[in-house]
There are 2 protein chains.
Amino acid sequence: MTVSGTAGRRAHAGVNLPALRSHNAALVLDLLRGAGAEGISRLELAERTGLTPQAVSKITARLRERGLVAEAGRQASTGGKPRTVLRLVPDAGHAVGVHVDRDEARAVVVDLDGAVVGERRRPLDLGAGADAVVEAVAREAEELVGEVLGGCPPGSAESLAGVGVALPGPLDHRSGVLHRVTGFPEWDGFPLRDALTRRLGVPVVVDKDTNAAALGLAVAGEGGSFAYLHLGTGLGAGLVIGGSVHRGVRTGAGEFGHQVIQLDGPVCGCGNRGCVEALCLAAVERGEPAEAARVLGAAAANLVGLLDIELVLLGGRTVAAAPEVFVSGVSAVVAARARREGMPDGAVPVRVAPGGERGVAEGAAQLVLAPMFGRGDG
Amino acid sequence: MTVSGTAGRRAHAGVNLPALRSHNAALVLDLLRGAGAEGISRLELAERTGLTPQAVSKITARLRERGLVAEAGRQASTGGKPRTVLRLVPDAGHAVGVHVDRDEARAVVVDLDGAVVGERRRPLDLGAGADAVVEAVAREAEELVGEVLGGCPPGSAESLAGVGVALPGPLDHRSGVLHRVTGFPEWDGFPLRDALTRRLGVPVVVDKDTNAAALGLAVAGEGGSFAYLHLGTGLGAGLVIGGSVHRGVRTGAGEFGHQVIQLDGPVCGCGNRGCVEALCLAAVERGEPAEAARVLGAAAANLVGLLDIELVLLGGRTVAAAPEVFVSGVSAVVAARARREGMPDGAVPVRVAPGGERGVAEGAAQLVLAPMFGRGDG
DNA sequence: CTACTTTCGCAACGCTGTTGCCGAAGTGCA
DNA sequence: TGCACTTCGGCAACAGCGTTGCGAAAGTAG
């Protein structure tokens with residue numbers, strides 16, 4: 001049973017009736033989302049939540065009144081009245097997700113189901129300065145919303161819940177302030193979220209690209225606790241624990257690339273020696289993807305052992321260039337480690353993350369929707 | 001706001017009124033425990049929980065009826081009626097904690113406050129076989145309870161809530177079944193919890209020694225999210241996230257010692273190469289504690305970056321032998337890494353874990369009490 | 001057409017935290 | 001000493017939560 005919650009937020013942890021109500025509503029919405037177009041019956045919702053059927057009826061009635069849920073046919077009878085299938089109303093809400101990368105911005109609009117209903121891309125120079133980038137991102141979002149939603153007023157059935165922005169480099173998720181984006185020190189300390197909120201007039205959430213991707217995967221149905229490892233121009237991780245992104249006390253968690261796995265190894269750009277990122281990318285440069293996979297596997301196995309997660313997902317351009325090599329290479333190291341440490345249930349599976357290049361933008365949109373479905377923080 | 005909950009337990013996450021009630025009660029009890037002998041007023045409880053003063057009054061009234069809480073004086077007035085101070089009734093419950101090590105067993109009885117009210121030690125050979133060890137542990141617990149509580153019947157104010165057992169090596173916390181305790185392969189698959197429950201007739205909880213120690217530290221007031229690193233005959237970690245022990249999906253989290261930090265390094269007992277444990281202990285053997293600390297620091301920094309915790313606590317015999325060397329050595333590496341990665345708030349503090357040799361046994365006792373205070377699983 | 005099964009909403013209920021109110025118990029000043 | 005004031009904390013009424021009891025609705029099976 002979860003009413004969100006982590007970290008030093010043990011204060012203000014009291015649950016009153018409104019909190020209970022919104023928690024259960026979010027839980028039901030999350031299950032409805034998970035059921036997708038097939039929908040789910042009231043009785044199954046009751047089973048899955050542990051609530052009584054009557055409670056589910058009341059909760060879903062409220063959700064139907066708010067226009068978030070609708071009846072959608074019925075199941076086959078099992079000897080009595082057939083169960084009515086409920087389904088999320090996809091158009092009841094939308095969110096924009098923007099993936100700001102070093103050289104381009106990709107924006108999507110998703111509906112409540114998570115389906116992409118609009119997309120745009122444009123080149124973008126992260127080094128062009130804060131004002132220019134904020135303006136570019138804002139315009140991108142505005143134009144896309146104009147195209148897709150036709151400027152529906154807030155509160156309408158088709159309205160916009162907010163904008164999620166995912167970008168590389170460390171940042172403070174809670175305050176929405178960037179630290180130094182790797183390679184672009186001029187961003188250090190820039191309050192991106194507030195700047196965009198002022199400019200756009202809707203709620204804005206910012207997060208690391210890896211966290212957005214991980215959230216997107218979690219929403220798309222990946223297991224309860226997993227790590228998403230992204231190998232592109234850099235190496236980072238997004239951690240999902242119990243269905244929610246783990247961001248840590250200062251929202252800096254997932255610093256995976258600068259994990260040292262070779263004491264006194266080659267110097268990394270960060271100043272340390274023997275970081276996975278440096279070793280792994282060097283191997284890729286040398287044209288030795290198998291070695292890169294082995295190195296990545298060692299770091300992944302460290303992570304698996306430390307957190308006892310149930311799945312490792314790989315993504316990023318470098319992985320996409322040779323998926324089988326990376327999956328089998330990483331998988332082999334992880335499996336070998338599990339065998340040696342005597343994990344009884346066998347090793348943790350390693351797969352390529354589904355979703356492809358658009359995954360980060362989709363996940364960014366989910367940053368906005370997450371609280372509605374009870375996935376706000378872990 | 002937390003009603004426990006992580007991992008794949010998103011099912012059965014519905015919260016009804018009894019669940020809400022027990023959650024809030026546990027929350028209040030936890031705050032009362034944190035206040036210790038000084039106690040805490042109703043209004044401060046209200047502020048800290050976010051509940052209204054009236055709700056706190058009702059909750060504490062129920063707790064007083066159950067004999068868990070009592071009024072204990074009043075605070076100085078601030079111009080009006082002085083606040084009444086509430087306090088946990090220490091004798092309202094007790095728990096036994098047993099620390100089973102390779103060569104000895106140490107048992108303690110703690111009260112609701114966590115204060116040790118009885119202690120025993122005896123030599124123990126973990127290799128003597130399951131029956132002998134179970135019998136020895138059971139008798140140790142029984143005799144200690146007889147001494148301290150005088151055989152109070154269950155349900156009495158002084159009665160025993162259960163027995164927590166902490167021991168080295170991997171095990172399944174949920175089922176209470178041991179995996180292969182390092183060096184004692186004959187334990188593999190032994191259902192220790194069930195055997196002890198049958199023998200003792202009270203609830204039994206088993207966990208890794210590092211998890212028990214970490215829980216004990218969390219209860220003793222250490223921050224919301226930290227790592228306890230134990231360097232003794234082996235090297236392990238207990239992770240606390242948001243006040244609760246993070247055990248992971250298969251309760252195997254905290255596998256810190258076999259984190260690889262030296263690819264293709266020296267062979268470790270586990271079969272891998274370049275594990276921190278092997279490198280660190282080898283340095284200790286060579287009489288180079290500073291190098292051991294540097295190695296440990298690298299691994300600790302990996303962990304800090306990955307999870308973004310707020311504190312690192314060091315413990316174990318090897319650390320106790322040269323505490324300053326380890327604290328300064330680990331601290332230096334962690335701080336250097338934080339500086340390079342541009343964490344703005346400065347580095348994570350590194351300290352020696354308070355509690356000393358008895359900490360694991362005390363933490364084991366807290367395993368039993370944890371659910372009562374809302375710390376059951378993270 | 002009848003009997004049976006199963007779903008699901010209405011109504012009454014118990015219990016939660018909340019609100020409004022008032023007595024209790026202090027301080028501070030005349 | 002007395003009075004005004006502040007603050008705490010319990011009593012009572014209340015709104016809202018999920019739960020229970022029950023019956024109408026909507027199917028299947030014979």
Side-chain angles (χ1 to χ4, degrees), chain A residues 1-3 12-29 31-32 39-66 69-87 374, chain B residues 1 3 12-28 31-32 39-66 69-87 374:
Chain A
M1 154 179 75
T2 303
V3 185
H12 271 77
V15 181
N16 52 19
L17 290 170
L20 177 146
R21 170 184 174 148
S22 66
H23 169 258
N24 284 345
L27 194 71
V28 168
L29 278 176
L31 289 171
L32 279 158
I40 184 171
S41 70
R42 289 178 179 81
L43 276 135
E44 192 175 345
L45 286 170
E47 283 166 28
R48 303 265 292 256
T49 57
L51 299 173
T52 60
Q54 191 55 242
V56 171
S57 274
K58 283 195 178 180
I59 291 166
T60 54
R62 286 195 292 263
L63 295 175
R64 285 195 298 160
E65 245 175 60
R66 287 167 57 191
V69 170
E71 298 194 341
R74 31 193 55 182
Q75 293 180 347
S77 167
T78 61
K81 176 176 174 179
R83 300 181 174 184
T84 312
V85 173
L86 299 176
R87 193 194 181 311
Chain B
M1 167 175 64
V3 186
H12 271 79
V15 181
N16 52 19
L17 289 171
L20 176 147
R21 170 185 176 147
S22 65
H23 168 257
N24 284 344
L27 194 71
V28 168
L31 289 171
L32 280 158
I40 184 171
S41 70
R42 288 178 180 82
L43 272 116
E44 192 175 346
L45 286 171
E47 283 166 27
R48 303 265 292 258
T49 56
L51 299 172
T52 61
Q54 191 56 242
V56 171
S57 274
K58 283 193 179 181
I59 292 167
T60 55
R62 287 196 292 263
L63 294 174
R64 285 195 298 160
E65 245 175 60
R66 286 166 57 189
V69 169
E71 299 194 342
R74 33 191 53 181
Q75 292 180 350
S77 166
T78 60
K81 176 175 176 179
R83 300 181 172 183
T84 311
V85 173
L86 298 176
R87 192 197 181 309

If you measure from CD on E44(B) to CG on L86(B), what distance do you get to the nearest 0.5 Å? 11.0 Å
Return a table of donor-acceptor pairs under 3.5 angstrom between the side chains of residues 53-64 of chain B and protein atoms on other chains or two or more places apart.
residue: T60(B); atom: OG1; partner: V56(B); partner atom: O; Å: 2.8
residue: T60(B); atom: OG1; partner: S57(B); partner atom: O; Å: 3.0
residue: R64(B); atom: NH1; partner: E71(B); partner atom: OE2; Å: 3.2

Do any side-chain nitrogens or oxygens of T52(B) fall under 4.0 Å of OP1 or OP2 in dT19(C)? no
Mind checking the CG-CG spacing from L45(B) to N24(B)? Nearest 0.5 Å is all I need. 11.5 Å
Report which part of the nucleic acid S41(A) touches: base, sugar-phosphate, or nothing (heavy-atom distance under 4.0 Å, all strands). nothing
Taken to the nearest whole Å, CG/N16(B) to P/dC13(C) is 21 Å
Are OP1 or OP2 of dG18(D) and a side-chain N or O of R62(A) less than 4.0 angstrom apart? yes
Distance in angstrom units between E44(A) CD and dC8(C) C1', rounded: 16 Å
For R87(A), the salt bridge (Lys or Arg N to Asp or Glu O under 4.0 Å) test, sequence neighbours excluded, returns D113(A)
Interatomic distance, E71(B) CD vs dC8(D) C1' [rounded to whole Å]: 11 Å
If the sugar-phosphate is the primed atoms plus P, OP1 and OP2 and the base is the rest, what is the B/S/- string for nucleotides 21-30 of chain D, using protein heavy atoms under 4.0 Å? B---BBBS--
Side chain of A55(A) only, please: which of dG17(C), dT7(C), dG18(D) is the nearest? dG18(D)
A side-chain contact here means heavy atoms from C-beta on lying under 4.5 Å apart; do L17(B) and L17(A) qualify? yes
Heavy-atom closest contact (T84(B) atom, R74(B) atom, distance): OG1-NH2, 4.1 Å
What nucleotide, of dT19(D), dA15(D), dG10(D), holds the atom closest to the side chain of K58(A)? dT19(D)
Tell me the interatomic distance from L43(B), atom CG, to dT7(D), atom P, rounded to whole angstroms. 11 Å
Selection from dG9(D), dT18(C), dG10(D) that lies nearest to any side-chain heavy atom of R64(B): dG10(D)
Output yes when at least one side-chain N/O atom of S57(B) is less than 4.0 Å from OP1 or OP2 of dG9(D), else no. no
To the nearest angstrom, the CG-C1' distance between L51(A) and dG16(D) comes to 15 Å
Let me spell it out: for each of L17(A) and R83(A), pick the nucleotide of DNA chain C with the closest heavy atom. Which residue's pick is nearer the 5' end? R83(A)
Between the CZ atom in R48(B) and the CG atom in L31(B), the distance rounded to the nearest 0.5 Å is 5.0 Å
Does R42(A) place a side-chain N or O at less than 4.0 Å from the phosphate oxygens OP1/OP2 of dG9(C)? yes
